[in-house]
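Here's the structure, in structure tokens; my notes come after.
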Amino acid sequence: MDFTLHIWRQDNNKSSGSFKTYRALDITPEMSFFEMIETVNEKLECNGAGDGRIALEYDCLEGICGTCSLVINGVAHGPNRGVTTCQLHMRSFNDGDHITIEPFRAKAFPVTKDLVVDRSAFDRIIQAGGYVSVNTGGAPDANALPIMRDVADRAMDAAECIGCGACVAACKNGSAMLFTSAKVSHLGALPQGAPERSKRVLKMVDQMDAEGFGSCTNQYECEAVCPKGISTKFIAQMNRDYMRASLSRED
Amino acid sequence: MFCLCTGDRKVFIYLQTGGTSNEWEHMSSPQSFFSSTIGKKVVMAVTGFLLIGFVVAHLVGNLQVFLGAEVFNAYAAFLKSIPGPLWIARIGLIVIFVLHLYNAFSLRKIISAARPVDYNKQATVQASAASRYMLHTGVVILLFVIVHLAHFTLGYLQPEHFSKTDALGQHDVYYMLVQGFLNPVYAGFYIFCIVMLGIHLSHGISSMFQTLGFCRPNVKNKLELAAKAIAAGITLGYISIPLAVIANVVTLS
């Protein structure tokens, strides 16, 4: 299979980037998307001069780490539902396709180089309140704290979020509501997270807004590209929590 | 970061542990509810809900045109006969409308800033057209409200039809309405704007519940369907009036 790639190249977060066109030749259908780009990278390295390697990020290659990004033909993580870019294979494309590859676009995700963006805004949202404060010590006994099955399931549904940032990339408004709501809901549902539930949602939303993410307009594009299928019901829950917590805000 | 709690006073000591960047300089300070993105959305939802209430009440009033000139003019005269409640409602509506508009543009500013460089290739997976063009349909509605007030409330457009009185000496609103919609430009503009309102509401009604956090996943689909049905009902209700005038169902004789 042969492909024509239109890839965003940008030296650093200060410079302005542009699209460059590359050919990916002799690609097999079972190659992963990253293998395909690396074949182009090998050629770019051999050529020596010119643009140099295309910078991109990936790590676990099994869809659990949230490192890989890429907006492929306008869709974060590419055309398949419920997977990350590293789980995308070239059999999902047709021979001769033109593929446009862009970095995640958001003010809060500045481009570091080419297709790599700085997602540390998410880390700061977590730092602001995405934790539980507990006394350290020996591990508690199993089943010492009984949790209802449906509550545990709901918390786990939210906890599946791997923080990849595809929700922000896909959102027409560059909003981080799905990510933030997953983190708020996951801890808020469990007894360990309950004491800080109000403080957590206030601080995390404050940080989310301060990072320059957009606001939610309930278009649900985030949910469609989320590799973990996080539901927008958690956004409704976060709205509810935020309203309630705002009423008794003390700081 | 260590937190030393002495009684109820908290002392925070920030310690730099390795690295050169100061990770705390990026941390936010508290913001008020109404300046937060969620707070602004809540204002949009609540004002939107109240505006829908007005749209429905206004529709019920308007549909009395099918009961004939006497009933319709009597209804208009009744509203004029209670200036106190009428003006409270009018001022309330203006405040609600301005809040809805102010927050819409304030959120748009935040949204525009959130993605300074747009995608070269745009794709939409599941967002409805109504949800994507809320601002556009909203601006059409704003223009419509201005033209509509100038036409039927203030009488700036077609003043020759505005100040007639009927046989009972009441302001002949019925005559003004029929003459207004006999003009194809006004009727066409009215129908176009009401369709835009319907599109706006088809997203707005279900979106309102999501924003206010009343969204259980198992009722979400039903809610979206109900929202579309209500929006369609409102649209058809309003459009039926100019269509009835054009089709000679509602006539001057």
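Proteins come first, then strands; the chains are lettered A, B, ... in the order of their sequence lines, and each starts at number 1.
Residue contact with chain B, scored on non-hydrogen atoms closer than 4.5 Å, involves the side chain of Phe19(A) exclusively. Heavy atoms of Val42(B) lying under 4.5 Å from chain A belong exclusively to its side chain. Proximity to chain A is absent for every atom of Lys40(B), based on heavy atoms less than 4.5 angstrom apart. Only the backbone of Phe213(A) comes within less than 4.5 Å of a heavy atom in chain B; its side chain stays farther off. Neither the backbone nor the side chain of Ser206(B) comes within contact range of chain A; no heavy atoms are under 4.5 Å apart.
The six-membered or imidazole ring of Tyr186(B) lies near that of His151(B), with a centre-to-centre distance under 6.0 Å. For Phe54(B) and Phe97(B), the distance between ring centers is not under 6.0 angstrom.
Among Ile110(B), Val117(B), Leu212(B), the residue making the largest number of heavy-atom pairs under 4.5 Å with chain A is Val117(B). Counting heavy-atom pairs closer than 4.5 Å to chain B, the top-ranked of the candidates Glu223(A), Lys107(A), Gln219(A), Arg240(A) is Gln219(A). Ranked by heavy-atom pairs shorter than 4.5 Å toward chain B, the options Ser175(A), Ser231(A), Ser120(A), Cys171(A) are led by Cys171(A). Each of Pro116(B), Gly213(B), Ser128(B) has some count of heavy-atom pairs under 4.5 Å with chain A, and the biggest count is that of Gly213(B). Of the listed residues His203(B), Gln122(B), Met134(B), the one with more heavy-atom pairs under 4.5 angstrom with chain A than any other is His203(B). With chain B as the partner, the residue from Cys216(A), Ala108(A), Ala245(A) showing the most heavy-atom pairs under 4.5 Å is Cys216(A). Note on Ala169(A), Gly214(A), Ala106(A): by heavy-atom pairs under 4.5 Å with chain B, the leading option is Ala169(A). Chosen from Val225(A), Val111(A), Leu247(A), Val205(A), the residue pairing most often with chain B at heavy-atom distances under 4.5 Å is Val205(A).
Using a 4.0 Å cut-off between a side-chain N of Lys or Arg and a carboxylate O of Asp or Glu, Arg154(A) and Asp157(A) do not qualify as a salt bridge. Salt-bridge annotation for Arg124(A) and Glu211(A): present, with a side-chain N of the basic residue lying under 4.0 Å from a carboxylate O of the acidic one.
Applying the 6.0 Å contact sphere to CZ of Arg149(A) captures no more than 12 heavy atoms from other residues, nucleotides or ligands.
Aromatic ring pairs are classed by plane angle as parallel below 30°, tilted from 30° to 60° and perpendicular above 60°; the pair Phe189(B) and Phe144(B) is tilted.
Remark: Lys183(A) is not positioned above the aromatic ring of Phe234(A), lacking an NZ or CZ atom under 6.0 angstrom from the ring centre and at most 45 degrees off the axis.
Under the 4.5 Å side-chain criterion, counting only non-hydrogen atoms from C-beta, Ile7(A) is in contact with Leu115(A).
In terms of heavy atoms, Ser215(A) sits closest to Asn173(A) at O-ND2, 3.0 Å.
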